[in-house]
Amino acid sequence: HGIDSIPGDAGIFLLADFREHLDEPTWAGEDELWRRILDRANVNLTPGSACRIAVPGFLRVCHASADRDAVIEGLNRVMATLVA
């Protein structure tokens, strides 16, 4: 989908760079984006602020308990929300 990410070395999640989708490059902008994704796509990503990421706009994608098809479906819904 063209979203850059910072993969984990041996983890169950990755950090996806959604900075270009922020209305404003602030923690409030990140919170608004997170809520929009949650409300419209019904996908709960973890805001970077909750993970002590230093820059607004990175969201954590956890794929620990979902199969590959479910992760792909969730990411497709997220992207559909972002381009709508």
Side-chain angles (χ1 to χ4, degrees):
H1 291 294
I3 300 291
D4 289 332
S5 65
I6 301 170
D9 291 332
I12 57 172
F13 61 86
L14 58 83
L15 290 174
D17 183 355
F18 287 94
R19 290 179 291 179
E20 72 179 64
H21 298 283
L22 295 175
D23 289 338
E24 58 184 53
T26 64
W27 296 116
E30 180 182 273
D31 188 62
E32 187 280 327
L33 176 63
W34 167 71
R35 289 180 184 277
R36 182 168 22 122
I37 291 170
L38 181 60
D39 291 344
R40 295 182 186 171
N42 199 30
V43 174
N44 190 11
L45 304 176
T46 305
S49 61
C51 304
R52 300 178 192 213
I53 304 303
V55 178
F58 286 86
L59 302 176
R60 186 172 77 174
V61 178
C62 182
H63 51 83
S65 64
D67 64 33
R68 184 177 191 276
D69 291 338
V71 172
I72 291 170
E73 173 62 24
L75 293 175
N76 286 339
R77 286 191 277 158
V78 167
M79 295 312 296
T81 296
L82 296 177
V83 298

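Heavy atoms only: backbone and side chains are in, while hydrogens, waters and symmetry mates are out.
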Give, for atom CG of Asp69 and atom CG of Asn76, the distance between the pair rounded to the nearest 0.5 Å.
10.5 Å
Distance in Å, Ile3 CD1 paired with Phe58 CZ, rounded so as to fall on 0.5 Å steps
11.0 Å
Below 3.5 Å, can you tabulate the donor-acceptor pairs from side chains in residues 77-84 to any protein atom, sequence neighbours excluded?
{"from": "Arg77", "atom 1": "NH1", "to": "Ala41", "atom 2": "O", "distance (Å)": "3.0"}
{"from": "Thr81", "atom 1": "OG1", "to": "Arg77", "atom 2": "O", "distance (Å)": "3.0"}

If you look at every heavy atom in [X] and [Y], which pair is closest and at what distance?
X	Y	result
Pro47	Glu30	CB-OE2, 3.5 Å
Arg19	Pro56	CG-O, 3.2 Å
Thr46	Cys51	CG2-SG, 3.6 Å

Heavy-atom check, side chain of Val61 versus side chain of Phe13, under 4.5 Å
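No. Closest side-chain heavy atoms not under 4.5 Å.
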For the hydrophobic clusters of this structure (ILVMFWY residues joined by side-chain heavy atoms under 4.5 Å, transitively), does one cluster hold both Trp27 and Val55?
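Trp27 does not cluster with Val55.
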Ignoring hydrogens and angles, write down the donor-acceptor pairs under 3.5 Å from the side chains of residues 33-40, residues two or more places apart or on other chains.
{"from": "Trp34", "atom 1": "NE1", "to": "Asn44", "atom 2": "OD1", "distance (Å)": "3.0"}
{"from": "Trp34", "atom 1": "NE1", "to": "Leu45", "atom 2": "O", "distance (Å)": "2.8"}
{"from": "Arg35", "atom 1": "NE", "to": "Asp31", "atom 2": "OD2", "distance (Å)": "3.0"}
{"from": "Arg36", "atom 1": "NE", "to": "Glu32", "atom 2": "OE2", "distance (Å)": "3.3"}
{"from": "Arg36", "atom 1": "NH2", "to": "Glu32", "atom 2": "OE1", "distance (Å)": "3.4"}

